[in-house]
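Heads up: the structure comes next, in structure tokens.
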Amino acid sequence: MADEAKAKGNAAYSAGDYTAAITHFTEAINLAPTNHVLYSNRSASYASLHKYSDALSDAKKTVELKPDWAKGYSRLGSAHHGLGHFDDAVSAYKKGLEIDPNNAALKEGLAESQSSAARAARARAPPPTNLFGDAFSGPQMWTKLTADPSTRAFMQQPDFVNMMQEIQKNPSNLNLYLKDQRVMQALGVLLNVKLQGGASEDDDMPDFPSERAAAEPQKKEEKKPEPEPVAVPEPMEVPEEEKEARKRKAEALKEKEAGNAAYKKKDFDTAIQHYTKAMEIDDEDISFLLNRAATYLEMGQYDECIKDCDKAVERGREVRADFKMIAKALTRKGTAIVKTAKTSKDYEPAIEIFQKALTEHRNPDTLKKLNDAEKAKKDLEQQEYFDPKLADEEREKGNEFFKQQKYPEAIRHYTESLRRNPEDPKAYSNRAACYTKLGAMPEGLKDAEKCIELDPTFSKGYTRKGAVQFFMREYEKALETYQEGLKHDPGNQDLLDGVRRCVEQINKASRGDLSADELKERQTKGMQDPEIQNILSDPVMRQVLVDFQENPKAAQEHSKNPMVMAKIQKLVSAGIVQIK
């Protein structure tokens, strides 16, 4: 348990979350109070937050528990330095070097502490002539850079810290890094001047005392306190097993990159070798399995692809991999299954797997693959079910039930007939007749229109459609349907009878022979018709209607226009207007 808390603390420290690191190290210390490494790590975390008193307390405990461990004296010296106890810091670093004379961190800490002690001793001396050298010297540099909001974030960037350390060792190295805008910004902060290339005008810069002094009238000069020294935190100690794990991951990623390069060149055998090697080095990263599965998919080795995807899902669950990775493995497996599908039933497992992938992560690509698989399954089902002979048999069974006026049973057989042969216009026509008998007008109209679509010369389709429209009291539309059918079959008696019935109803409305209820019903239905609404909203037609009432001469001219009269006829049929 203590090791687990320690590992969490190390991870938090590496991520720069020092407060969380302190919490985890404290938990580990409660479980293992004699482990000197835990105190050392917590000391480093406190120092990173500039809590040097707490860092000093933990450093002392570290040395107490492990007096022969050089790292403890490094922590002790760092904490003393942070508190400005430069002589104590020098003493601590020297004790550490007695144990480990070649320790670079101790040597650097000693040199800096000695330099800081010397500067403290001559604090009242005139300022040095080397302005840049003094600006980059000692812990004051780190204090200023940490305190200023424009450079504080740079302190978390290792390359910037390294550059500043190089400049601190030898100020002439400044010339090597002047092209780096961060260094220019740091130089401006250290010299208390604004250099070109520093913070942009959009940066939120606080109003520091030095800036207020320049803007306000001069007041009595007060001696400013020396800034609190800041020690640069030393790297967190990484356990050997963690170092080894990082090394393995780096090697595995190198193999993966080599595999990717081979895959792009379509050298699939080589790619598989590299992905396999990566898996052997690091079995916790399922991306290696997924990449190998993708390679098998390209090679057409679908069974191998499916096996790798199953392994990736299983291993991903064990190591708690990202849901997106699990979803990718499932999608890839579904894709491989689709590639091998030959019948409609073969698509069922692929559809199920795509659906599972979407529950893990809703990805547009997976959704498209699911829709494609469902469509392919449906198309194959139709192909597999297609049998014109059985379709005719089912249609005949439907005809028998129709004669017996058993319309629901007839519809069931006509529907089965259409499943066996969805291109049969007769089955659509017969089913439309059943729907009409049952009063299911929208369904009947739909089947009649499909019948006409499949065979525009089949007169029964027009008869069925016209009958539905007639029963829906859409006499104008029914008349148009019957007339269209007569173009293909001029002598068809059913179509001629349909025309006669429609004309009778239209004339009845024209003569005003409708009852009050009939007229009201027809007007209500007419007003819902978009075509009628367009006619009534047309300003030209409104004027025409006024002329028919008030200007007989103009009305006579309008009567010569067939388009105008066709629209008026529609209004008459709808019961909206009457011509006497």
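Residues Glu416 and Arg412 are not paired through a salt bridge, judged by the lack of any N-O separation under 4.0 Å between the basic side chain and the carboxylate. Ion pairing between Asp285 and Lys249 fails under the 4.0 Å rule for side-chain N and carboxylate O. In this structure, Glu318 pairs ionically with Arg315, as a charged nitrogen and a carboxylate oxygen lie closer than 4.0 Å. Electrostatic pairing of Asp303 and Lys307 does not count as a salt bridge here, judged by no charged N lying under 4.0 Å from a carboxylate O. Salt-bridge formation is detected for the pair Lys61/Glu64: a Lys NZ or Arg NE/NH1/NH2 atom is positioned less than 4.0 Å from an Asp or Glu carboxylate oxygen. Checked for salt-bridge contact, Lys94 and Glu98 miss the test: no charged N lies under 4.0 Å from a carboxylate O.
Looking at heavy atoms from C-beta onward, Trp69 lies in side-chain contact with Ser40 at the 4.5 angstrom threshold. Side-chain contact check for Lys8 versus Glu27: every heavy-atom pair is 4.5 Å or farther apart. The shortest side-chain heavy-atom distance between Gln165 and Glu108 falls under the 4.5 Å cut-off. Two residues are said to be in side-chain contact when any heavy atoms from C-beta on lie closer than 4.5 Å; Met299 and Asp269 meet this criterion. Between Phe154 and Met164, the closest side-chain pair of non-hydrogen atoms is not below 4.5 Å. The shortest distance between side-chain heavy atoms of Lys345 and Glu384 does not fall below 4.5 Å. Residues Thr276 and Phe288 have side chains not in contact (no heavy-atom distance under 4.5 Å, counting atoms from C-beta outward). Two residues are said to be in side-chain contact when any heavy atoms from C-beta on lie closer than 4.5 Å; Tyr275 and Ser287 fail this criterion.
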Notebook entry, point to check: Is there a ring pair (Phe, Tyr, Trp, His ring centres under 6.0 Å) between Tyr263 and Phe268 once you walk through the steps?
Noted result: CA-CA 6 Å; Tyr263 180 91; Phe268 299 131; 5.6 Å; yes
Next item on the list: Using the side chain to side chain contact (heavy atoms under 4.5 Å, CB included) rule, take Thr270 and Lys265 through it: C-alpha gap first, then chi angles, then the decisive distance, then the call.
Entry: CA-CA 10 Å; Thr270 302; Lys265 296 177 181 178; over 6 Å; no
Next item on the list: Starting from the C-alpha separation in whole Å, work towards a yes-or-no answer on side chain to side chain contact (heavy atoms under 4.5 Å, CB included) for Ile167 and Val183.
Entry: CA-CA 10 Å; Ile167 296 171; Val183 174; 4.0 Å; yes
Check: Taking it one step at a time, do Ile22 and Thr26 satisfy side chain to side chain contact (heavy atoms under 4.5 Å, CB included)?
Finding: CA-CA 6 Å; Ile22 290 170; Thr26 301; 4.0 Å; yes
Checklist line | Gln355 and Thr359: CA distance, side-chain angles, deciding distance, side chain to side chain contact (heavy atoms under 4.5 Å, CB included) verdict | finding: CA-CA 7 Å; Gln355 290 171 337; Thr359 62; 5.9 Å; no
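The only option from Leu330, Val313, Ile326 that meets the side chain to side chain contact (heavy atoms under 4.5 Å, CB included) definition with Lys356 turns out to be Leu330. In summary, of the residues considered (Glu251, Lys254, Lys256, Lys247), a side chain to side chain contact (heavy atoms under 4.5 Å, CB included) with Ile281 occurs for Glu251 alone. Between Thr366 and the choices Asn371, Thr335, Thr331, the side-chain hydrogen bond (donor to acceptor under 3.5 Å, both in side chains) rule is met once, by Thr331.
For the atom pair CG of Asp17 and OG of Ser48, the computed distance is 11.5 Å after rounding to the nearest 0.5 Å. Going from atom CG of Asp283 over to atom NZ of Lys311 covers 12.0 Å, rounded to the nearest 0.5 Å. The structure places CD of Glu298 at 5.5 Å from NZ of Lys266, a figure rounded to the nearest 0.5 Å. A distance of 11.0 Å separates OG of Ser53 from NZ of Lys51, quoted to the nearest 0.5 Å. The line from CZ of Phe354 to NZ of Lys368 is 10.5 Å long, rounded to the nearest 0.5 Å. For the atom pair NE2 (His85) and CG (Leu76), the distance works out to 11.5 Å, reported to the nearest 0.5 Å.
The closest donor-acceptor contact from the side chain of Tyr39 to the backbone of Pro33 lies under 3.5 Å. Listed for the Thr62 side chain is a donor-acceptor partner under 3.5 Å among the backbone atoms of Asp58. In this structure, the side chain of Asp346 engages the main chain of Lys342 through a donor-acceptor pair within 3.5 Å. Remark: the backbone N or O of Asn291 is paired with a side-chain donor or acceptor of Thr295 at under 3.5 angstrom. Looking only at distances, a side-chain donor or acceptor of Arg332 sits under 3.5 Å from a matching main-chain atom of Leu290.
Shortest non-hydrogen contact noted between Met155 and Val161 is O-CG2, 3.6 Å. Closest heavy-atom contact between Val338 and Ala350: CG2-CB, 3.6 Å. In plain terms, the two heavy atoms of Tyr73 and Ala92 that are nearest each other are CB-O, 3.4 Å. Residue Ala70 comes nearest to Asn103 through the heavy atom pair CB-ND2, 4.5 Å, listed as atom of the first residue, atom of the second, then distance. In this structure, Asp100 and Leu106 approach most closely via the heavy-atom pair O-CD1, 4.3 Å. In plain terms, the two heavy atoms of Tyr13 and Ser45 that are nearest each other are CD1-OG, 3.5 Å.
At a cut-off of 3.5 Å, with distance as the only test, a side-chain donor of Gln185 or Ser150 sits close to an acceptor on the other residue.
Residues passing the side chain to side chain donor-acceptor pair (under 3.5 Å) test with Arg317 are Glu360, sequence neighbours excluded.
Under a cut-off of 6.0 angstrom, the local environment of CZ in Phe386 is crowded, with over 12 non-hydrogen atoms contributed by other residues, nucleotides or ligands. Counted within 6.0 Å of CD on Gln382, heavy atoms from surrounding residues, nucleotides or ligands total more than 12; the atom is thus considered enclosed.
Using bins of under 30°, 30° to 60° and over 60° for the plane-to-plane angle, the ring pair His81/Phe86 lands in the perpendicular bin.
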